Structures are given as structure tokens and as C-alpha cells.
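Here is the structure we will look at, set down as C-alpha cells.
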2 protein chains.
Amino acid sequence: MDAIKPKKTLVEETYDILVDAICTSEFRPGERLNQDEIAARLKVSRQPVNSAIAILKSEKLVEDTGRRGVVVSALDPDLFRSIYEYRQLVEPFTVRFAIDRKPADAARTAREVLDRGHHAVAEGDMRALLGADRDFHEMIYGWSGNLVVQNSMRTNWNHIRRAMAEVLSDPAKAGPIWDEHEAIVNAMFARQSDRAAELMTQHIRLAYDQNPSPVFGVAEAS
Amino acid sequence: MDAIKPKKTLVEETYDILVDAICTSEFRPGERLNQDEIAARLKVSRQPVNSAIAILKSEKLVEDTGRRGVVVSALDPDLFRSIYEYRQLVEPFTVRFAIDRKPADAARTAREVLDRGHHAVAEGDMRALLGADRDFHEMIYGWSGNLVVQNSMRTNWNHIRRAMAEVLSDPAKAGPIWDEHEAIVNAMFARQSDRAAELMTQHIRLAYDQNPSPVFGVAEAS
DNA sequence: ATACCGTATTTCGTATACGAAATACTGATT
DNA sequence: AATCAGTATTTCGTATACGAAATACGGTAT
């Protein structure tokens with residue numbers, strides 16, 4: 001019997017809702033977040049909205065405009081470049097560690113995540129695709145056992161989602177991505193450390209290189 | 001003429017004060033943060049304290065205990081290991097990029113930072129040492145031009161500071177660290193990319209390896 | 001027509017109030 | 001002495017109030 005799970009506070013719920021709205025471009029880059037309106041929409045007082053916005057600020061999803069509140073941060077090509085530079089460095093490393101550190105049920109988990117991705121491709125569901133893509137990578141970060149990577153990639157994926165929300169991508173183009181995911185996982189389970197890491201490096205480089213404009217033409221998150 | 005710099009809000013100031021109190025072990029791991037007491041001490045209402053704590057929560061410097069508020073997070077050996085694992089991966093990378101991306105005044109800045117470090121060694125001032133150490137590494141992160149590394153290492157250094165605050169280290173032992181810093185900078189300015197990166201790798205590995213217990217016997221942050 | 005000034009309105013930071021939930025304390029029972 | 005139940009107190013999440021600062025608007029002067 002587990003402990004009763006504490007409910008999320010209104011601050012936490014508000015934060016989640018705002019993150020999602022920003023990352024799906026419901027709130028556009030540069031758009032002002034009006035606390036009264038948000039509070040009215042969510043049917044809460046302004047105070048939890050104000051607190052949630054303070055957290056968003058610390059995560060740079062929104063930025064200050066002085067006394068007149070915050071705007072959604074602009075999509076920053078420098079940040080995007082940094083994220084992909086970083087991913088090319090860090091994710092092959094997570095692959096290497098994941099091979100040795102993955103838990104006993106890793107094969108089952110991997111199968112589920114891959115199936116979910118292939119299913120999203122078949123359904124042509126862009127939102128599910130992005131979620132599955134993120135799940136795939138987060139699975140590997142988790143297996144790597146490195147808490148710093150897990151934490152830093154959590155916020156990085158929010159920025160990736162934002163960039164992806166700016167374009168209408170063709171889900172059909174996502175097919176090869178999931179083949180690449182399969183190949184990475186196969187190499188990992190075959191304990192081919194170098195091959196798996198190289199496949200991941202190529203995978204991420206390809207995602208970035210196929211981007212005709214660093215932010216607005218993003219074809220794939222990964 | 002620059003824009004008038006907006007003042008920090010009470011939430012921001014409170015957050016800064018709390019971070020410092022946690023990172024210098026004024027608030028001990030496991031200790032409850034009482035909002036009323038903190039508000040009274042800082043002579044503000046509870047609301048900005050509550051908001052500041054919400055941000056600390058999202059950064060994992062404090063954790064929830066249900067309805068009775070938050071406690072300062074325990075020093076987690078896994079997190080510490082992750083941080084050093086991560087640093088050994090990421091900081092040589094920042095060194096390599098810094099060589100090409102450093103600004104025109106980099107040599108002057110480096111000199112200032114190194115002088116500050118040597119001065120803190122001579123003064124035997126542990127707190128200044130830790131600050132200078134952090135400044136040294138942040139200088140290189142900044143030169144590398146990678147925003148993700150800069151952001152993630154900001155919170156990581158808070159955790160490093162916490163671990164350091166648990167022990168009374170001998171400042172005299174910090175001397176060789178600054179010699180290592182000098183060597184790294186010299187290799188960078190000589191554009192010896194491989195050598196600089198390797199020196200940084202060794203430097204960080206040495207800092208971690210000299211730690212008899214992953215958290216409590218930390219001799220050096222770097 | 002444009003610029004300026006005064007007033008009204010909006011918005012947000014923060015203080016205060018309220019009530020729910022958790023914890024501490026006390027007295028009664030076994 | 002140990003346990004339980006009831007009550008009091010503490011603490012925090014959130015709503016509401018207040019006031020400062022920013023912005024919008026309307027009228028007047030040039």
C-alpha cells in the first residue's frame with residue numbers, strides 16, 4: 001500500500017498548463033501573458049498564476065518587460081543551435097552509459113516506446129509523434145543514470161517543442177526517424193557501444209542539418 | 001544612455017537569499033523552511049517567500065513534505081556523481097569551443113579571474129575561493145557560446161557549493177588548483193585544443209577522485 | 001495637425017485574510 | 001504506562017485587498 005499521493009497545488013497545475021500552452025504555440029513568442037485573463041480562464045485567483053509565471057521566468061520560457069508583466073520568450077536560434085550542439089555531445093554519452101545501466105525491464109520498455117512511435121507515424125498524429133520522440137530520448141537519459149542530463153533535457157525538450165510547434169510538419173516524414181530509433185536500440189541491446197553512440201550522433205546531426213532555417217524550418221525534433 | 005534597470009522583485013531577492021543560505025549550509029539538508037519565520041526575518045509578507053520557495057522546488061534545492069512545507073534537499077551522492085560525470089564530458093567540450101569563440105577581451109578577463117583566485121588562496125578565504133573557482137569555469141562556459149551548458153551549470157554549481165559547505169576545507173590545498181587553471185588557460189590561448197581539453201578533463205577527474213566520500217569529503221570543487 | 005498634460009484605467013507586486021490540513025497537546029480511558 | 005479522542009495551534013495554499021507603476025484616453029494649447 002502506497003502513501004496517498006499529494007495533490008498538485010494550483011501553482012503546479014497552472015505551471016503545467018502554461019508550459020503546454022507555450023510549447024504548443026497557443027501562446028505565441030512575444031505574446032503578453034495577462035495574469036487576470038489567465039486567472040479568469042483557469043478559474044483561480046491571480047496569486048497562483050503569478051507564482052507559476054515566476055517559475056516560467058526562471059526557466060526562460062517567458063521574459064520580463066518591466067512592470068507590465070512578461071512575454072513569451074522569442075524563439076532564439078542561438079539557443080536552438082546550443083541545444084543541438086549539446087545533444088550531439090551528451091546523447092551519445094547517455095547511450096554508452098545506458099548500455100551498462102539499463103534496468104532489467106529495459107527491453108520491454110523500449111518495445112513499448114518504439115511501438116508507440118510507429119503507431120503515431122501510422123496515425124499521422126504530429127502531437128503524439130513529438131511526445132513519443134521525447135519519450136524515446138528520455139528513456140535513454142533515464143537508463144544512463146545521469147541526473148544532470150535528465151534534468152537539463154527536460155527543459156530543453158520544452159524549447160524543442162516550441163520550435164516544432166511553429167511549423168506544420170508532415171508526419172509521414174517521421175517514418176525514417178523511428179527506423180533510426182530502432183537501429184539505435186538494437187545496437188544498444190547488442191552491446192555495440194561505439195555503433196550505438198555513432199548512430200545517435202548521426203541521428204541528432206541529421207535532425208539539425210535537415211533544418212533549412214535553424215528555428216522555423218525544423219523538420220524533425222530528432 | 002542605458003535603460004533604467006528594473007529593480008529586482010521581492011520574490012527574486014528572497015530567492016537569491018534563500019539559495020545562498022542553502023548553498024552555504026546556513027539551512028541544513030533536511031531542515032524545514034518555515035515561511036512565517038523567513039518572512040519575519042526578511043521583513044516581507046509571506047507571499048514572496050512562498051513564490052521563491054516554489055522556484056527552489058522546481059530546481060530541486062528543496063523538496064516537498066506534503067502540506068507541511070518543504071525541507072532542504074538531502075545531499076545526494078547520485079547527483080554529485082552525475083554532476084562530475086557530466087562535467088568531465090561537458091567542460092572539455094566548452095574548452096574546445098571557447099578557443100574559437102572567446103571574445104576580444106578574453107585574455108584580460110582570464111587574467112583578472114586567475115588573479116582573483118590566487119589572491120583568495122593567499123588570503124585563505126574559502127568562500128572567495130569557491131566564488132573564484134566558479135567564476136573561472138563560468139568564464140569558459142560563457143566563451144563556449146553554448147547557452148545550454150551555461151544554464152545547466154548555473155544550478156549545478158549551487159549543488160557543488162552545498163557539498164563544499166559541508167566540509168571545512170583547507171584553503172592552502174587550493175593552490176595547485178589555480179596552477180591547473182593557469183595551465184588550462186595557457187593551453188587555450190596557445191590554441192592547443194587537445195591539450196587544453198585534456199588538462200580540463202584531468203582537472204575535473206582529480207577534483208572528484210580526491211573525494212574520499214562522494215559528498216562529505218570533498219576537497220575541491222574543481 | 002501635433003504635442004502636451006491631466007485623468008482614468010489597467011496591470012502587477014505584495015500585504016492581508018481566510019480556511020483547510022497537519023501537528024501538538026491535554027485529558028480520559030484502559 | 002500506553003492509547004485514544006477531542007481540542008488548540010501552527011502552517012501553508014489561495015483568495016482578496018491595496019497601492020504603485022504603466023498605459024490609454026480625452027481635452028487643451030500651439
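This is a predicted model, so every value here is computed, not measured. A note on names: the letters A, B, ... follow the listed sequences, proteins ahead of strands, and every chain is numbered from 1.
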Separation of dC18(D) atom C1' from R46(A) atom CZ, nearest Å, is 11 Å
**Asked** Charged N to carboxylate O below 4.0 Å: is that the case for R161(B) and D20(B)?
**Response** yes
Regarding the side chain of L10(B), the nearest nucleotide among dA15(C), dA15(D), dC12(C) is dA15(C)
When rounded to whole Å, the CG to C1' distance for the pair L42(A) and dA15(D) reads 15 Å
- request: Before accepting this row, confirm whether a basic side-chain N of the pair R81(A)/E85(A) lies closer than 4.0 Å to the acidic partner's carboxylate O.
  value: yes
Can you find a side chain N or O atom of N50(A) that sits less than 4.0 Å from OP1 or OP2 on dG13(C)? yes
Whole-Å distance, D64(B) CG to dG13(D) P, equals 7 Å
Legend entry - Pair R41(A) + E26(A): basic N to acidic O under 4.0 Å: yes
| message | Does a side-chain N or O of N34(B) approach OP1 or OP2 of dT11(D) to a distance below 4.0 Å, or not? | response | yes
Any base atoms under 4.0 Å from Q35(B), or only sugar-phosphate, or nothing? Heavy atoms, all strands. sugar-phosphate
Whole-Å distance, K8(B) NZ to dG13(C) C1', equals 16 Å
Inset, instruction - State plainly whether the residues R154(A) and E138(A) are in salt-bridge range, i.e. N to O under 4.0 Å. - result: no
Separation of dA17(C) atom C1' from D36(B) atom CG, nearest Å, is 13 Å
Winner on side-chain proximity to T9(B), out of dA15(C), dG13(C), dA15(D), is dG13(C)
Rounded to whole Å, CG of L33(A) lies from P of dG13(C) at a distance of 12 Å
Q | Carboxylate-amine/guanidinium proximity below 4.0 Å for R205(A) and E91(A) | A | no
Separation of dG13(C) atom P from Y15(B) atom OH, nearest Å, is 18 Å
Whole-Å distance, K7(A) NZ to dA21(C) C1', equals 12 Å
The nucleotide from dC12(C), dT11(D), dT14(D) with an atom nearest the side chain of R32(A) is dC12(C)
Assign each of E37(B) and K43(A) the nucleotide of DNA chain D bearing its closest heavy atom; nearer the 5' end lies the nucleotide of E37(B)
Q47(B) has its side chain closest, among dC12(C), dG13(D), dT16(C), to dT16(C)
Base, sugar-phosphate or nothing for I53(A)? Non-hydrogen atoms, less than 4.0 Å. nothing
